[in-house]
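Report on one structure; see the data block that follows.
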Amino acid sequence: MGRLLLIAALLGGCTCTHEAPPEPRLPTPPATEPSAPRSDAWPEAVIDLERRPPATRITIRPTSVELDNHAMVATWPAAALSRARATPEPGRPAWPRLHETAQLDDDERLASLLRLSRRAERAATGAGEGAGICDLRVGADVSFADFERVLRAAGLAGYGAPRVLLGEEEALLAFEWPRAASSGAPTQAQIVEALGAIERGEEPSLADPGASDVRVRLSDAGARVTLRGERRCPTVTPETISACLQGLVFDVVTLEVAGEPSFGEVVPWVQQASTATTTLRVRGAQ
């Protein structure tokens, strides 16, 4: 019977086809979360710099601050290390070596750690204030406003103008962060010095009242350079700022940072402008 049915199907011109099984559907990938700020991107040196001896290092990432003085302590002579160990810090068996972290928005803990690192430096000297030098290594994605907060906290703890570390870990270069004094009216010390020069029959030296600040304002709209209210250099970039400043007469160059730029966006301007003047001041726009 089965043979008859098969023959009938052949005689009738069977058009049976074989359908391939449907391809399996790939699962829909889950929605991706917004990527976290990169903490492994560091600004590069865009001007010639030299390597420097290590100092207390403050590493600033988008959400945290790390303080480490191991490399600096390793350079101390045995006598300095012995002096520091003679005045131990409670709860810190590795004293004077420190490796501490704080959340970037925890101003109180940050200030406490900076004061602690200054005590470690003073303990090594037996007297005085210690070197008061710190190295800042700042992630490119850290906001300039957060960098300024840490910079201010370091100053309050007794650190001078810091060195900003640029480049990769195996070849870090130190860039002296500019901190020019404010221009304008002469200080009391300058006035006293000028009066003393007059009494000695010498020519007094005071700031030229005709000079003033060059202001370089960085904003989302670009950069603007002005001197005595006059616009200079219609188009300016980090690479051309040095040429723009040449030939201008000024007391101080003030680099004003407006908006919410990252440190990585600001630091090339600072490096390039520093090659044209020794009186550079950097600040957030008021």
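Taking the ring pair (Phe, Tyr, Trp, His ring centres under 6.0 Å) definition, one finds that Trp177 meets it with Phe147, Phe263, sequence neighbours left out. Shown here are the salt bridge (charged side-chain N to carboxylate O under 4.0 Å, His left out) partners of Arg224, two or more places apart in sequence or in another chain: there are none. For Arg92, the side-chain hydrogen bond (donor to acceptor under 3.5 Å, both in side chains) criterion is met by Glu100, not counting sequence neighbours. By the salt bridge (charged side-chain N to carboxylate O under 4.0 Å, His left out) test, Glu176 pairs with Arg52, sequence neighbours left out. Not counting sequence neighbours, the partners of Ser262 by the side-chain hydrogen bond (donor to acceptor under 3.5 Å, both in side chains) test are Glu265.
Counting non-hydrogen atoms of other residues, nucleotides and ligands closer than 6.0 Å to CD of Glu260 gives a total of 12 or fewer. Within a 6.0 Å sphere centred on CD of Glu108, heavy atoms belonging to other residues, nucleotides or ligands number 12 at most. The local environment of CD in Glu170 is crowded, with over 12 non-hydrogen atoms from other residues, nucleotides or ligands closer than 6.0 Å.
At least one donor-acceptor pair closer than 3.5 Å links the side chain of Ser82 to the backbone N or O of Ala78. With hydrogens and angles ignored, the 3.5 Å screen pairs a side-chain donor or acceptor of Ser143 with a backbone N or O of Asp146. Asn69 places a side-chain N or O within 3.5 Å of a backbone atom of Leu98 that can act as its donor or acceptor partner. Proximity of a side-chain donor or acceptor of Arg109 to a complementary backbone N or O of Thr101 within less than 3.5 Å is detected. A donor-acceptor contact shorter than 3.5 Å links the side chain of Thr75 to the backbone of Met72. For the pair Asp213 (side chain) and Arg215 (backbone), a donor-acceptor distance under 3.5 Å is absent.
Residue pairs meeting the ring pair (Phe, Tyr, Trp, His ring centres under 6.0 Å) criterion with at least one member in residues 96-124: none, sequence neighbours excluded.
A cation-pi arrangement is present between Arg118 and Tyr159, with the terminal nitrogen or guanidinium carbon under 6.0 Å from the aromatic centre and inside a 45° cone about the axis. Geometrically, Arg137 engages Trp42 in a cation-pi contact, judged by NZ or CZ lying under 6.0 Å from the ring centre and within 45° of the ring axis.
Taking all atoms of both residues into account, the shortest heavy-atom contact from Pro96 to Trp76 is CG-CZ3, 3.6 Å. Among all heavy-atom pairs drawn from Leu172 and Arg51, the shortest one is O-NE, 3.5 Å. Closest approach of Ala154 and Leu114 over heavy atoms only: N-CD1, 3.6 Å. Heavy-atom minimum distance, Ala102 versus Leu113: CB-CD1, 4.0 Å. Between Ala45 and Gln271, the shortest heavy-atom contact is CA-OE1, 3.5 Å. Nearest heavy atom pair, residue Arg217 against residue Ala285, reads NH1-CB, 3.5 Å.
Between Ile241 and Trp269, some side-chain heavy-atom pair lies under the 4.5 Å cut-off. Using a 4.5 Å heavy-atom cutoff, the side chains of Phe250 and Thr277 are in contact. Between Thr254 and Val216 there is no side-chain heavy-atom pair separated by less than 4.5 Å. Between Pro178 and Ser274 the shortest side-chain heavy-atom distance does not fall below 4.5 Å. Using a 4.5 Å heavy-atom threshold, the side chains of Glu66 and Arg61 count as touching. Between Arg232 and Leu248, some side-chain heavy-atom pair lies under the 4.5 Å cut-off. Pro162 places a side-chain heavy atom less than 4.5 Å from the side chain of Leu136.
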message: salt bridge (charged side-chain N to carboxylate O under 4.0 Å, His left out) for Asp135 and Arg163? Distances and angles first, verdict last.
response: CA-CA 5 Å; Asp135 289 340; Arg163 306 181 307 189; 2.6 Å; yes
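Note: the hydrophobic cluster containing Leu67 does not contain Leu156 (ILVMFWY, side chain heavy atoms under 4.5 Å, direct or indirect links). The cluster map of Ile, Leu, Val, Met, Phe, Trp and Tyr, joined by side-chain heavy atoms under 4.5 Å apart, puts Leu165 and Val142 in different clusters.
One finds the CD1 atom of Ile60 at 7.0 Å from the CD1 atom of Ile58 (value rounded to the nearest 0.5 Å).
Looking at Glu121 and Thr56, their side chains do bring a donor and an acceptor atom within 3.5 Å of each other.
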